[in-house]
Amino acid sequence: MSLPATIAIHEKFLKRYHNPNESNMVSMFGFLRKFIAKKKNDDGGGRSEAEEKMYSWIYTLAQADKDLVFEYVRSTERGLSFKEAERRLREGGPNIPLDLVFPSWWQLFWKAFLHPFNIILIVMSTLSYIAQDFANGSIMLTLVFVSVGVRLSQEYGSSRAARQLSELLNSPIKVQRCAGRVVQTELIVQIDQRDIVPGDIIIFGPGDLFPGDIRLLTSKDLIVSQSSLTGESGTIEKVADTQENRSTPLLDLKNICLMGTSVVSGCGTGLVISTGSNTYMSTIFSTLQKKKHLDVFEKGIRHVSYALIGIMVVVVPVIIISDYYSSYNWSESVIFGIAVAVSLTPQMFPLIVNTSLAKGSIAMARCSCIVKSLSAIRSMGEMSILCIDKTGTLTMDRVIMVHHLDGWGFPNQRVLKFAFLNSFFQAELKGPIDDAILAYVYTRGYRFKSSMWKKVDEIPFDFTRRRMTVIAETCSDSIDEENFHDTRYIITKGALEEVLNICNSIEIIDGGSTPPLTLEDRTRILQMSTTLSNDGLRVLGVAIRKITKKNGVTVTDKKRIEADMVFLGLISFFDPPKDSAKQALWGLAEKGVNAKVLTGDSLTLAIKVCEEVGIKTTHVITGPELELLDNYEFHETIKRATVLARLSPLQKQQVVQSLQTQGNHVVGYLGDGINDSLALDAADVGISVDSGASAAKDLADIILLKKDLNVLVSGVELGRLTYGNIMKYIKMSLVANVGSIISLLAATIILKFEPLSPSQLLIQNFLYNLGQIAIPWDKMEERYMKAPQHWSSKKLPVFMVWNGVVCSIFDMITLFFLWFYYGAYTISASKFFHSAWFVEGLIMQSLIIHMIRTEKIPFVQGMASSPIILSTCLVSALAILIPFTAVGTAMGLTTLPLSYFGFLVVLFLGYFFFGQIAKRVYIMIFDQWL
């Protein structure tokens, strides 16, 4: 990874988890990142040929005049013709960024093949071949190819299912195309992002993702988030009417918008200059390989792997030396040591983990969910808090207009008229509220003569102001307005409190006067809003101001326009809660997942909706109130609060991060709006819906194709099942390996010969590993599924030694039984000892899974799934039969007397009895098993 990338990652980490004493470090990282970025920009920075070509292309277009830009990409101001666009799509292929391309089978093969544990096996196999031990070398390679083959088939099936579902995911882009043979007509059409080609002219607004690298043609109040590229939550202003120079860092170019970045507010048009793998994002990520930070589980797995390798480095030389003092043959001792090292390697670990995740992904696909990150399935099992945006998730997002009231609570058409004109002329970020206003007017037969009005300009909605404004003027003397030729109206609609804040007078509609807005008026209006909100209605305010055409007010001066307004009245809407919401939230609560509602709506409305869907509202707070709290009070309040209203996008992100860092929770976030993007990126599991904003879908780990919250309950269950089965394998393999190593080491020291030959040890390990493949198909106990599960590195070594010693004790009982009962302690009896130890060891390892997988008594209180039972029976049967076959003879084994199998029955009954006692004592001490 490059130095700038490393600095960016450290800077992002410090920003997310910093305390006040670390602010200097954040500044230092920021300075270094900017310094190096500038240096790379000045001297090339050792870029690859592809990067240099991409940089040169973008800077050329950033410096060029807008008229010249069309010539560079061979397009026109009207846009491409449909025929030309189809030709370019055939030549250049679909517009898919490099990081979203599904891997081919050979890429999956190499990913599975180049796992550290497989590399260890290959090295061991090579050493065996060098030592002329071809049989053992072949067994090791067989282990590698079985593991790789099964993992490849599982991951390829999961990838294919995700690819098929991704084709259902819509990312529509507005494009200007031209049509006609003689007279060409400009048309605005919606096409899928994958069909965008260089030369297309796109039209974009708030919430849209840029489908390629874009040279801006027009822009209006355009604010863009580049967090997908920089890792920072800040925004940058973009302007079309400017020409850049080469000294400006690429990410700071004002007239260039890069693929994967998103529109926060404003609108404009742009010319697509690069798509697919030729974009900045794809070119940089192809060499940088953008990755998320490892979570606690992934770090824990890495530490376990290192610990096993460390144990291998320490124990194997001891076993080699011990064996040498028995055999006085270095070659045989080294080969035996290699076989022991192989048995210590959990070869099936990558297979079990990825098979479990792939199985969960396929199950989620059946529920119409696209899983973009396989690890998100496991994180769903660890999730203890789900933060939910109210609109569209708890509610049906089918808004119905109910009231249009003046400042005294009486129905009034004038309020409706100006609300209608505001929504009618609104071009940017038009949503369900606007659709509800228009539908209300049209279906009830109102005649507001919109054709007699002309839009002059608009100030789009943003999440800071929480309102939008339209400037319109009358264009016909048929409208009953005085001085209509010289009159313009500023019409504002938005959150009631925000609208009241810009008003200094109130209209008495019957009298036509506009007296000052008094504190009494404000209190009365807010009380009306509270009453309506308590009935489950969402309330917006409407205000106007008359200006003359000679006024000289410009839209760049928002504060001047949205000031000294006349309050007209309020409008209310009903967005009914989803039928599935209450059932789903109840199901999540049963699983130990607490829901918190994070919304930008009013507190009273949020409380009403939460009460209807069963969320407790005893602790509630608003965004403005959070801003007044110090650091300690903020975190303590977040822990208690269940409903947080009137939050800004940044506050939603801060709430998620507080729960993660101060509460040590694994946090999920469900949202579908632009204002949810920061929180989705910060959450451990980001969840969005297919109909959500493009920016939200891009940052989500899981996308629901259906707005059914019950899918989340299924996701949590699948996550816990996946997590539990992975933990079964980890703990079982550690116990089996530690127990086996202790037993082999003790037996090597006690006996005058190896307890098993290298080939016998490898075949025993191979058969044991085959039996483990069924673990992802096991089931979990009901108690385990009812609570979130978290990784604990501290308890794992204790668990490993606690249970490994129990296994070793029964191995040693077998050794002494063979020694004293059968006299199998001399070299002449080694063949019999090998056979008995091979059978006992393989059956013991096969039965460990039944002891580890449940807190209950195996086979009595808790039965494993059919695949586990079948694999145990199959491996145990092979262990018993092999010594009686030609294969056993070739392995150097011999037949065993019936009395020995009677001893094994008693031995394993004793193992389950004392193992269960050890299990209960462990649970009493640590209050946890898996």
Side-chain angles (χ1 to χ4, degrees), residues 109 112-113 115 117-118 120-122 124-125 128 135-155 157 308 339-356 358-359 725-726 728-737 739-740 756-778 807 835 837-853 864-888 890-891 893 908:
F109 172 80
F113 187 77
H115 191 278
F117 291 142
N118 289 335
I120 291 172
L121 283 177
I122 292 169
M124 297 296 180
S125 175
S128 296
N136 291 331
S138 300
I139 293 171
M140 294 178 204
L141 286 180
T142 303
L143 273 171
V144 172
F145 285 113
V146 168
S147 172
V148 170
V150 177
R151 180 180 172 185
L152 174 63
S153 65
Q154 289 294 327
E155 288 197 2
L308 286 175
V340 171
V342 171
S343 68
L344 252 179
T345 306
Q347 300 96 342
M348 293 293 117
F349 177 70
L351 170 65
I352 298 298
V353 171
N354 286 279
T355 300
S356 298
K359 183 173 173 287
N725 284 333
I726 292 173
K728 281 177 195 174
Y729 173 79
I730 292 171
K731 292 192 171 182
M732 180 196 67
S733 61
L734 288 176
V735 168
N737 286 347
S740 178
L756 285 175
S757 70
S759 61
Q760 291 165 355
L761 185 58
L762 288 171
I763 291 173
Q764 184 190 67
N765 189 53
F766 175 72
L767 293 174
Y768 163 63
N769 282 321
L770 282 181
Q772 293 174 326
I773 293 176
I775 289 176
W777 283 267
D778 196 16
C807 295
S835 303
W837 190 271
F838 175 87
V839 173
E840 185 271 340
L842 185 52
I843 296 177
M844 173 68 79
Q845 289 179 329
S846 300
L847 292 176
I848 286 175
I849 179 62
H850 296 277
M851 178 61 72
I852 299 298
R853 65 168 298 278
S865 64
S866 299
I868 295 289
I869 297 290
L870 184 62
S871 68
T872 300
C873 293
L874 183 61
V875 172
S876 299
L878 286 172
I880 294 169
L881 293 174
I882 283 175
F884 297 92
T885 64
V887 174
M891 288 171 57
L893 302 177
F908 293 134

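Residue indices begin at 1 and follow the sequence shown. Keep in mind the model is a prediction, meaning the values are calculated, not measured.
The line from CD of Gln845 to SG of Cys807 is 9.0 Å long, rounded to the nearest 0.5 Å. Leu842 CG to Leu847 CG: the interatomic distance, rounded to the nearest 0.5 Å, is 9.5 Å. Considering NZ of Lys731 and CZ of Arg853, their distance stands at 14.5 Å, rounded to 0.5 Å. Here CZ of Phe838 is found 11.5 Å from CD1 of Ile880. Values are rounded to the nearest 0.5 Å. A distance of 11.5 Å separates SG in Cys873 from CD1 in Ile868, rounded to the nearest 0.5 Å. The CG atom of Leu734 sits 11.0 Å away from atom CD1 of Ile848, with the distance rounded to the nearest 0.5 Å.
In plain terms, the two heavy atoms of Ile869 and Ala864 that are nearest each other are CG1-O, 3.9 Å. The two atoms that bring Pro776 and Asn725 nearest to each other are O-ND2, 3.4 Å, heavy atoms only. Residues Gly771 and Val875 come closest through the heavy atom pair CA-CG2, 3.9 Å. In plain terms, the two heavy atoms of Gln760 and Met891 that are nearest each other are NE2-O, 2.9 Å.
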Can you check side-chain contact (heavy atoms from CB on, under 4.5 Å) on Leu767 and Ile882, steps first, answer last?
-> CA-CA 11 Å; Leu767 293 174; Ile882 283 175; 3.7 Å; yes
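Not a single donor-acceptor pair under 3.5 Å links the side chain of Ser846 to the backbone N or O of Ser876. Using a distance-only test at 3.5 Å, with no hydrogens or angles considered, no donor-acceptor pair links the side chain of Asn765 to the main chain of Leu761.
Of the candidates Ser871, Ser866, Ser865, Ser865 is the only one forming a side-chain hydrogen bond (donor to acceptor under 3.5 Å, both in side chains) with Asp778.
Within the 4.5 Å cutoff, side-chain heavy atoms of Ile849 are placed close to those of Ile775. In this structure, the side chains of Val735 and Met851 stay at 4.5 Å or more apart for every pair of heavy atoms.
Between the side chains of Tyr768 and Gln764, no donor-acceptor pair of N or O atoms lies under 3.5 Å.
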